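Here's the structure, in C-alpha cells; my notes come after.
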2 protein chains.
Amino acid sequence: MHFTTTEENYIKAIYHLQQGTGNVSTNDLAAELSTKPASITDMLKKLTIKKLLRYERYKGVRLSNEGEKLALAIVRKHRLWEYFLVNTLEFGWDEVHEVAEELEHISSKKLVEQLDLFLGYPKFDPHGDPIPDSQGRMAVQQQINLIDLALDIPAEVCSVGSQSTELLEILKHKQLGIGTKLEVKRKFSFDHSIEIKMKSLPAITISQQLAQSLFVKTISND
Amino acid sequence: MHFTTTEENYIKAIYHLQQGTGNVSTNDLAAELSTKPASITDMLKKLTIKKLLRYERYKGVRLSNEGEKLALAIVRKHRLWEYFLVNTLEFGWDEVHEVAEELEHISSKKLVEQLDLFLGYPKFDPHGDPIPDSQGRMAVQQQINLIDLALDIPAEVCSVGSQSTELLEILKHKQLGIGTKLEVKRKFSFDHSIEIKMKSLPAITISQQLAQSLFVKTISND
DNA sequence: ACTTATTTTTAGACAAATCTAAATTTAAAT
DNA sequence: ATTTAAATTTAGATTTGTCTAAAAATAAGT
Ligand SMILES: [Mn+2]
Ligand SMILES: [Mn+2]
Ligand SMILES: [Mn+2]
Ligand SMILES: [Mn+2]
C-alpha cells in the first residue's frame with residue numbers, strides 16, 4: 001500500500017498526540033498540522049477507510065495497529081535522517097528538523113535499511129529521541145535528572161523522585177507536575193540552583209534538592 | 001521561489017529532451033512523462049507564467065535561463081544522490097534511479113552542498129553522466145571508443161574518427177550514425193570484432209577497424 | 001435542567017494536476 | 001491546391017486536499 005506525503009503527516013501527527021492514553025481530538029490535530037478542523041474530519045474519514053485508524057465521529061481518533069506500524073516507520077526514517085545529517089553531513093542539531101520532514105517520506109525500504117547499517121544502528125537521534133528499529137521497537141526513553149538537563153533543551157517532566165507530601169506541596173505551589181514542559185535557562189554554581197522557564201509563565205528558580213527529585217525527557221517535537 | 005515535484009519533473013524532462021537544438025514537442029513530453037498531451041499543454045502555460053520556459057502555442061518549448069538553472073540543480077541532486085547510494089550505501093548501479101527520482105526533489109540547499117562535500121565533489125555519477133557543480137557547470141561528457149565500451153551498457157554514437165567517404169558508406173549501409181543508440185552484446189577475441197544491438201533491429205557484427213572509428217557516450221537515462 | 005459556549009461535522013467552493021472527447025492548427029500526401 | 005493525417009490545444013469533468021460558513025453534537029456554567 002502506498003500513502004501520500006499528506007497522509008503520512010497525518011498519521012505521524014496522530015502518533016505523537018496519542019502518546020497519552022486518551023483519544024486525539026480534531027482541534028488538536030488541526031493545530032498540530034496547521035490546518036482547519038474541517039480538513040481534519042475529511043482526512044480522518046479517508047484514513048479510516050484505509051484501515052489506518054479507529055475513528056468515531058465526535059469521539060476522537062486513535063491509530064490502528066496498521067497505522068501505528070506506519071507511524072513508527074516514518075518516525076524511524078525521520079530520526080535516522082536527523083542522525084545522518086548531524087553525524088555525517090555535519091549539520092547543527094537545530095537545523096535538521098525541516099529537512100528530515102521531507103526526507104522521512106522517501107519510500108525506498110532498502111534506503112532506510114542501508115542508511116541504518118551505514119550509521120551503525122544508532123539508538124537515539126540528535127535530540128535524544130529513540131530511533132525505532134526495522135521492527136518498530138525502540139529503546140526506552142532516556143530519563144534525565146533535571147539537574148543534568150542542558151540549557152535551552154525543551155523537556156517534559158515525566159517522573160518524580162519521591163511521593164512525599166512535602167514534595168507534592170512545593171510542586172503544586174510552583175505549578176510543576178507530570179507533563180509540565182520546561183527549559184533550563186541558567187545554572188548557578190554557588191548553590192546549584194537552576195532557573196527554569198515554563199511556557200507562558202515567568203522564569204523561576206528552583207533549588208538543587210528540588211531539581212534532583214524531578215526527572216525529565218527531552219521533548220519529541222522531533 | 002518554490003516549485004512542486006510535478007513542476008520539477010516537467011522542467012527536468014524538457015531539459016533532457018532539448019539537448020539537441022530544436023524545440024521540444026508536446027507529444028514527446030507526454031511520452032517522457034507518461035501523461036497525455038492535454039496535460040502537457042496546461043502545465044506549459046503555467047510554467048511559462050512562472051518564467052521557466054519559452055513557449056508559443058503549436059511551436060514547442062525550450063527552457064529559459066531560469067528554467068535551465070533549475071533543471072541543472074535538479075540533475076545535480078539526482079546524480080549526487082545516485083553517487084551516494086552506490087558509493088556510500090552500497091546499492092547496485094541498476095537500483096538507484098527510482099530512489100534518486102524521489103531524492104532529487106528534497107529542497108534543502110545546505111543538504112546538497114554538504115552531501116557534495118562529504119562525497120568529495122565527484123564529477124560523474126554511477127552511469128558515467130557528469131554531475132553539475134553548484135554553479136551548474138559540468139565536465140564534458142566522456143567519449144569512449146566503441147571498442148572499449150563494456151557489454152550491455154546503453155550508449156549513443158556521438159562522434160566519428162574520420163570523415164572519409166569510405167567510412168560514411170559503411171555506416172550508411174549498417175544504419176549507423178550520430179545519435180544511434182546501441183549496446184555491445186559480445187566481443188570476439190579472435191579478430192576483435194564486436195556484436196552490437198540497436199533497438200528494433202537484429203544484432204549485427206562490426207569489425208575492429210569500424211568499432212575503433214566510432215565514439216560513444218553512455219546514455220543519460222540518468 | 002436549561003442555556004451558553006465549544007467542538008466537531010456537513011455542505012459547498014476552490015486550486016492543482018490529471019483525464020477524455022472535441023475542436024483547431026500544422027504537416028503530409030495526393 | 002485540396003484532402004487527409006498528425007499534432008496540439010480547448011472545453012468540461014475528476015480527484016486530492018484544502019477552505020469558509022452554517023448546522024449539529026457535545027461540554028460547561030448557572
Ligand atoms: Mn525532527
Ligand atoms: Mn529529532
Ligand atoms: Mn537516474
Ligand atoms: Mn545517472
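Proteins get letters first, then strands, A, B, ... in listed order; numbering begins at 1 in each. Being a predicted model, the structure only gives us computed values, none of them experimental.
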Closest-nucleotide ordering on DNA chain D, the 5'-leading residue of A/P37 and B/G60: B/G60

Provide, to the nearest angstrom, the distance between the CG atom belonging to B/L29 and the P atom belonging to D/dA7. 14 Å

Could you state the CG-P distance from B/N23 to C/dA27, rounded to the nearest angstrom? 12 Å

Would you please confirm or rule out a distance under 4.0 Å between OP1 or OP2 of D/dT16 and any side-chain N or O of A/Y10? no

Could you state the CG-P distance from B/N27 to D/dA5, rounded to the nearest angstrom? 17 Å

Looking at B/Y10 versus B/Y55, is the centre-to-centre ring distance below 6.0 Å? no

Separation of B/F3 atom CZ from C/dA16 atom P, in whole Å? 14 Å

Does a donor on one side chain and an acceptor on the other come within less than 3.5 Å for B/E32 and B/H16? no

Counting only side-chain N and O atoms of B/T4, is one of them less than 4.0 Å from OP1 or OP2 of C/dA16? no

Between A/S108 and B/E98: side-chain donor-acceptor atoms closer than 3.5 Å: no

Is B/S39 touching bases, backbone alone, or none of the nucleic acid, heavy atoms closer than 4.0 Å? base

Between the base of C/dT7 and the side chain of A/Y58, is there a donor-acceptor distance below 3.5 Å? no

Look at all strands and tell whether A/K45 reaches a base, only sugar-phosphate, or nothing, counting heavy atoms closer than 4.0 Å. sugar-phosphate

Under a 3.5 Å threshold, yes or no: a donor from one side chain and an acceptor from the other, between A/H78 and A/D125? no

In whole angstroms, how far is the C1' atom of D/dT15 from the NZ atom of B/K36? 16 Å

Between C1' of D/dT8 and CG of B/L44, the distance in whole Å: 11 Å

For atom CG of A/D42 and atom C1' of C/dT10, their distance in whole Å: 9 Å

Hydrogens and angles aside, do B/H97 and B/E101 bring a side-chain donor and acceptor to less than 3.5 Å of each other? yes

d(CG, A/D28; C1', C/dT7) in whole Å: 11 Å

